[in-house]
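One structure is given here, and the rest of the page talks about it.
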Amino acid sequence: MTPHLTLISLAAAKESAEVTNWPARIGWVVGLLLFVVLLYWLMREGWKWRGTLQGDLPELPQAPEEPGEPRLTMSGRYHGSTTAGQWLDRIVARGLGTRSRAELSLSSAGLNVLRPGAADFFVPADRLRGARLDKAIAGKVLPEGGLLVITWAHGDKLLDSGFRSDQAAEHPAWVAAINSMNQFITTTEGAER
């Protein structure tokens, strides 16, 4: 065989590789999308199941007609509620799992939480158990002291609700005011810190 024929036969034998296998690629993309949809559906069902398990939680109290003159007010974010002392045990029943903007006002009657787009609630003064600065609540981790956590009794449960003010320097005043309103020690009701 001559060298010229060898080059021609080698060139004829080489075919360019298929650039894209479209059916396989489309199959993988559709499969991945179905997997992501399945994950989101499972998370949604888990959220609904948690709400069902917490269905014994009573309705949230509403503010009285005349709550009194506010001692403190705050604008910020509501990050959620958990079982007191268990920062990962999120409460989702009665809308307490919905994060939102929040307007807080503290009066002698209690704590009023206004949440646009979510259920407002009121914590009577005799249900407030204390407040502290913390760094985490279910689904939210902040720098040390970046979260105002208010402990309150609702039904037969103690709850921790996490708030972050637009001006974090307001947090210590809230802790002092709530703790001075009610000197009740939460550890006597079983919540461990």
Side-chain angles (χ1 to χ4, degrees), residues 50 54 56-193:
R50 182 175 278 271
Q54 297 168 349
D56 62 337
L57 200 65
E59 289 291 327
L60 295 173
Q62 297 302 312
E65 295 279 332
E66 291 295 322
E69 188 66 29
R71 293 171 53 182
L72 287 172
T73 59
M74 177 175 81
S75 292
R77 293 204 55 84
Y78 168 76
H79 288 290
S81 294
T82 62
T83 302
Q86 299 176 18
W87 70 282
L88 289 175
D89 186 22
R90 182 188 298 261
I91 302 293
V92 300
R94 309 288 182 214
L96 289 174
T98 306
R99 290 185 182 172
S100 63
R101 293 282 306 157
E103 299 288 329
L104 278 69
S105 61
L106 182 66
S107 66
S108 59
L111 174 70
N112 194 17
V113 181
L114 300 174
R115 301 187 305 153
D120 298 341
F121 61 95
F122 179 77
V123 181
D126 63 339
R127 299 277 179 102
L128 289 170
R129 297 298 186 248
R132 68 183 187 280
L133 296 179
D134 212 329
K135 65 179 180 178
I137 199 158
K140 187 67 175 179
V141 177
L142 296 164
E144 189 67 45
L147 192 66
L148 171 65
V149 177
I150 298 173
T151 303
W152 55 290
H154 184 52
D156 61 348
K157 285 189 168 194
L158 275 181
L159 303 179
D160 282 342
S161 293
F163 302 93
R164 180 164 174 87
S165 174
D166 291 336
Q167 281 84 37
E170 296 177 338
H171 291 172
W174 277 82
V175 171
I178 291 174
N179 288 337
S180 70
M181 281 180 74
N182 193 335
Q183 297 298 320
F184 191 79
I185 300 172
T186 58
T187 55
T188 61
E189 289 193 16
E192 296 181 10
R193 300 269 175 234

Exercise. Taking all non-hydrogen atoms of both residues, which atom of Leu128 and which atom of Ile150 are closest, and how far apart?
Worked result: CD2-CG2, 3.8 Å
Problem set entry | Full working for side chain to side chain contact (heavy atoms under 4.5 Å, CB included) between Gln54 and Leu96 | CA-CA 11 Å; Gln54 297 168 349; Leu96 289 174; over 6 Å; no
Exercise. Any donor-acceptor pair under 3.5 Å linking the side chain of Arg164 with the backbone of Gly146?
Worked result: yes
Exercise. What pair of heavy atoms forms the shortest contact from Pro172 to Leu133, and how long is it?
Worked result: CG-CD1, 4.4 Å
Exercise. To the nearest 0.5 Å, what is the distance between CH2 (Trp174) and CZ (Arg71)?
Worked result: 10.0 Å
Problem set entry | Ile178 side, atom CD1; Leu111 side, atom CG - distance, nearest 0.5 Å | 5.5 Å
For this session: Would you name the heavy atoms of Arg127 and Gly155 that are closest together and state the gap between them?
Result: NH1-N, 3.9 Å
For this session: Could I get the full list of side-chain contact (heavy atoms from CB on, under 4.5 Å) partners for Gln167, not counting sequence neighbours?
Result: Ser165, Glu170
Problem set entry | Heavy-atom check, side chain of Arg94 versus side chain of Pro58, under 4.5 Å | no
For this session: Determine yes or no for a side-chain-to-main-chain donor-acceptor pair under 3.5 angstrom, with Arg90 supplying the side chain and Ala138 the backbone.
Result: yes
Problem set entry | Straight-line distance of Leu60 CG to Phe122 CZ, nearest 0.5 Å | 12.5 Å
For this session: Spell out, as yes or no, whether a donor-acceptor pair under 3.5 Å connects the side chain of Arg129 to the backbone of Leu158.
Result: no
Problem set entry | Spatial distance of atom CG (Leu142) from atom CG (Leu147) [nearest 0.5 Å] | 5.5 Å
Exercise. Can you tell me if Asn179 uses its side chain to pair, donor with acceptor, with the backbone of Ala131 under 3.5 Å?
Worked result: yes
Problem set entry | CZ-CG distance between Phe163 and Leu148, expressed to the nearest 0.5 angstrom | 7.0 Å
Exercise. So which pairs with a foot in residues 124-146 pass ring pair (Phe, Tyr, Trp, His ring centres under 6.0 Å), sequence neighbours left out?
Worked result: none
Problem set entry | Rounded distance [0.5 Å steps], NZ in Lys157 versus CD1 in Ile91 | 4.5 Å
Problem set entry | Minimum heavy-atom distance Ser161-Tyr78, with the two atoms named | CB-CE1, 4.1 Å
Exercise. Residues in salt bridge (Lys or Arg N to Asp or Glu O under 4.0 Å) with Arg101, at least two apart?
Worked result: Asp166
Seminar exercise, completed: Scanning both residues in full, the closest heavy-atom pair of Val141 with Ala136 reads CG2-CB, 4.0 Å
For this session: List the atom of His171, the atom of Met74, and the distance in Å for their closest heavy-atom pair.
Result: CD2-SD, 4.3 Å
